[in-house]
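Report on one structure; see the data block that follows.
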Amino acid sequence: MTGQAGMASMVVDVLPELVLVAGGVLVLLYALIAPQRAQPGAAVLALGVTLVALAVSIGMLGGSESLTFFATYARDRSAIWAKLIVLAATVAVIGLSVPWFRRDPRHGEYYTLLLYSALGAILLAGATDLKEFIVAMLLSSATGFVLSAYHRRSSPAAEAAIKYYLIGALANSALLFGVALLFGLAGSTTLGGLSSGLPAQGGPALVVGVALVIVGLAFKIGAVPAHAWVPDVAQGAPAPVAAFVTTVPKIGGFLFLARFVLALPPDAAGWQPLIAVLATATMTLGNLACLWQDDVRRLLGWSAVSQTGYGLMAIVALGASDLAVPALLFFLLAYVAGNLAAFGVVVELRGRTALSDYSGLARKRPALTGALAISFLSFIGVPPLAGFFAKVLLFAVAIQVGYAWLAIVAAVNTVISIFYYVRVLAPSYFDEASAPVAVLGRWAAWSTFASAAAVIVTGIVAEPFVRAFTESGLLIR
Amino acid sequence: MLSAAIFIPIVASVVLALLPRRGASGPAGERRLQLIATAIAAIPLLLIAVAWLRFGSTGRFEQVEALDWIPTLGIGYRVGVDGLSLPLAAMTALVFVVSIAFPVDLKGRPIAYFALMLFLEGVSIGLFLALDLFLFFVFWDVSLVAMYFLIGAWGHGDAQRSALKFFLYTFAGSLPLLLAILGLYLVTEPRTFDMAQIIRQQPLAGGGLYAVLVFAGFFIGFAIKTPLVPFHTWLPPAHVDAPGPASAILAGVLLKMGTYGFVRILMAMMPDTWAQFALPIGILAVISIVYGALVALAQTNLKRLIAYTSVNHMGYVILGLAVAGTAITGQEAARAIALTGATVEMVAHGLITGGLFLTSGAMLARGGTYEMDQYGGLLTRARSLTGITAVLAFASLGLPGLAGFVAEVQVFVGTLAIYPGLAAIALFGIIITAALFLRMLQKLFLGALPERWKRFPDLSRVEAAALGVLVFFVILIGVAPAWLLNVVDSFAGPFVGRP
């Protein structure tokens, strides 16, 4: 793969990424020159960029699967599906952001950050090299910090962003140490090089290196032990940003975690029980923290943590089950759609967050309450919603690879989760309404309803997705 | 045809939910809406009646309608009937028509109420007709959510708490069920959720720890729904606080999902493991029979009393199933009788207890309480209420000539042949039930009429007609059960391998 023709074909491999890079610059330039009243135009521009990237990515679904850029970046269908989910989620978040930031005098560059944060997640999903991985992590994290603090004068937002930043800095430096250790052991930074170069019999250096990288990834996906930022950001950051950073980076983080564990020597590092323990801790902690939560946004944050715990079940099964990759991708699809719908409701309700403010909501805003109910029921795993199907696949792969106890833990957690989701839904439906309910407007409503519709449709019409996911490779060499 | 019976009420419920609210306001609007909903609810009943006429008693799944759903994972939309599911689907449709027609306090939300009831009708019928484990589970879970909202929004007393308890308990039951379904699915070869194929494959025929774990998952799931002691604690509060028609459906239809699952899935797909545990299951059933009856005897609250008799009656069903599932050769005739009796008990209990809950709803609407001590002497004021309640109560205690007797006598005949000891203990349940129903009738309708019930209104024409339909079938099955028994027997005989 050298010479002009080789370079040209490699550029084609990252066309969606290039669209985002160029589009981000374009949006920034527009934001600089456009007058204040024309700032929302940046949203339209960003929307256009995202849709173009989406269209280009769809066009790549038919291509062959291989690594590109000297085995540092995967062009497989898992990566493309991750791209599609990231970009679709970004479209929804742009829809949520338009009315939310309308009053912010200069917010054009917000959309540049959003596009680059999405790009970070996309790079993470395709990375097959530890250096590539670090760049993607930093791009995704740095943009995430700024986005969380976008309301400069809001102290909850600043507090959340500081916490996000501090935990992120810690996790990212842990990760750098881990990468250095693994590089030293394997003599290579590509995942293919790791899988052949790492000592098959293990050893303390390998275990520490793997553990440190996993800590870094745990930060990205909001898993124990680096999960503590999630509830704060969910509560304090601008609501559309909360919707974004609790969903989109997770997609990239999960995909890289999957590739990473596949590159490890099967018996040496003991990653399977480690991930199983992290999954248990993450889902249980997230659930317990939700139980008496009186703040809906904080509840959504903790519920995002517990959902990550369920998703980790697919990682445990990787390499041992033919359904692990479909389970992971379908989980991400269901989770992202459900989470966007739930946060979308909060955005459309102008950030309304106290549990008591949801009493009687169904009588005033039946459609919005319906979207919230669909999202929550999907999180619980009620058929025929997407979340149910995701849980079926996750339970199945756990049982299949001999981790039935993990499936039982997840089932017990599911029952616990009913309690707090219903704590929001029951008063919304059964109590009398009090004050009138103000909403933001059409853009946010459409985003929310589209996400809720996706939860229903991908659940009922699951076949095309399941088939595509079954045929998706997850390459490391 | 069968699919239409499932989806016409579901589609109608969606259309109804999108309807403008203006047409349904005021008493006249509510009455019109109730009439429309009842008419829609009757369509599945007609369709199932036609299916009954076309039923060939072949002992196999008939009138099968199949469609690929998620073929990559072996999931299909498959529905059909046999001698087990057809009577249950018919009973379900009938109980729904009657319940939807029955007057109830709509609390200003008529559209949502009727939409949910119609939705639940389609889902419940779908569960009994489903021939795919995945589809079965979808209907199973969705029915919980619909019932949760019915209890929470239109219930009384501590409705929200009871609704949550119902949701938590039954969902907790549905998760072991889901794990067990997946456990079974993963050992099928090729992997499939198709019930007929799994029954043919018998993937867990070898037994072993894995089979026992899968069995335990199914058993807990179905036992909570049935409910079998000690998994019954969700039932009394849910029944008491639910609106009358929802209680009727909860007892009449939703409990049958558990007992139906025992037969359709557990006994059919894992007969060896069932036979291995038949005696412990039988003992658990007898405990349910006696315990349910004793606790019912101690109740002063009418609805709690009926709720506990459900525990008692479901005990007869499980006892019949335990007997039918013993792999004792040479006793096929007795086992077939027990299975037929258990199936007829499911149908009879649906009609009888559904009716009793509707009459208790009528009592609440008039008297404002379920406490039996508050009533008395109503015979003189409310003759048709008295008559209908009396017939249903006698049917429930197993008086010959009524539906309950036909069912229970067959269960006992089968049990005597195989577990005579259990049959002897279970007989106490019958005696206690007789006592408590007689006492209930005496407290409500005999004795002196309290001063404040001097104007106690009798059943309205709609209420009497709705209950009359149920009473008609209770008597019909009691005096001329052949049309039902033949259909059930076409399933039960081949199922136990009767020559």
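The basis for the numbers below is simple: all heavy atoms, side chains too, and nothing from hydrogens, waters or symmetry mates. The chains referred to below are lettered A, B, ... by the order of the sequence lines, with proteins before strands, and numbering in each begins at 1.
For B/L186, the part sitting under 4.5 Å from any heavy atom of chain A is the side chain, from C-beta outward, and nothing else. At a 4.5 Å heavy-atom cutoff, A/P326 makes no contact with chain B through either its backbone or its side chain. In this structure, no portion of A/L425 lies under 4.5 Å from any heavy atom of chain B. Using a 4.5 Å cut-off between heavy atoms, B/Y169 does not touch chain A at all. Using a 4.5 Å cut-off between heavy atoms, A/V392 contacts chain B through both its backbone and its side chain. Interface remark: B/V138 contributes backbone and side-chain atoms alike to the contact with chain A (heavy atom separation under 4.5 Å). Using a 4.5 Å cut-off between heavy atoms, B/L164 touches chain A through its side chain atoms alone. At a 4.5 Å heavy-atom cutoff, the contact between A/F419 and chain B is made by backbone and side-chain atoms alike. Of the atoms belonging to B/Y210, it is side-chain heavy atoms, and not backbone ones, that fall under 4.5 Å from chain A.
Heavy-atom pairs under 4.5 Å with chain B were tallied for A/D431, A/D322, A/V412; the largest tally goes to A/D322. Interface remark: of the candidates B/I181, B/L179, B/V142, B/L179 forms the most heavy-atom pairs closer than 4.5 Å to chain A. Per-residue counts of heavy-atom pairs under 4.5 Å with chain B were compared for A/R467, A/R423, A/K391; the largest is that of A/R467. Ranking B/A172, B/P71, B/G183 against chain A, the residue ahead of the rest is B/P71, based on heavy-atom pairs under 4.5 Å. Chain B forms more heavy-atom pairs under 4.5 Å with one residue of A/P384, A/G381, A/A411, A/A398 than with any other, namely A/A411.
Side chains of A/V382 and B/L144 form no contact here, defined as non-hydrogen atoms less than 4.5 Å apart. Here the side chains of A/F469 and B/T72 are not in contact, with every heavy-atom distance at 4.5 Å or above.
Considering CG of B/D141 and CG of A/L377, their distance stands at 10.0 Å, rounded to 0.5 Å. Rounded to the nearest 0.5 angstrom, A/T414 OG1 and B/L175 CG are separated by 5.5 Å. In this structure, the separation between CZ on B/R191 and CD on A/Q400 is 4.5 Å, given to the nearest 0.5 Å. Taken to the nearest 0.5 Å, the CD1 atom of A/I460 stands 10.5 Å off from the CD1 atom of B/I70. Distance check, rounded to the nearest 0.5 Å: CD1 of B/I75 to CD of A/E463 gives 8.5 Å.
Within the 6.0 Å centre-distance limit, the rings of A/F389 and B/F134 are counted as a close aromatic pair. Note: A/Y429 and B/Y148 fail the aromatic proximity criterion, with ring centroids not under 6.0 Å apart. Ring centroids of B/F167 and A/Y421 are separated by 6.0 Å or more, keeping the two rings apart.
The main-chain N or O of A/A462 is never found under 3.5 Å from a side-chain atom of B/W69 such that the two would form a donor-acceptor pair.
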request  = Please test B/Y185 against A/F395 for ring pair (Phe, Tyr, Trp, His ring centres under 6.0 Å), starting from the C-alpha separation and ending with a verdict.
outcome  = CA-CA 12 Å; B/Y185 162 75; A/F395 288 176; over 10 Å; no

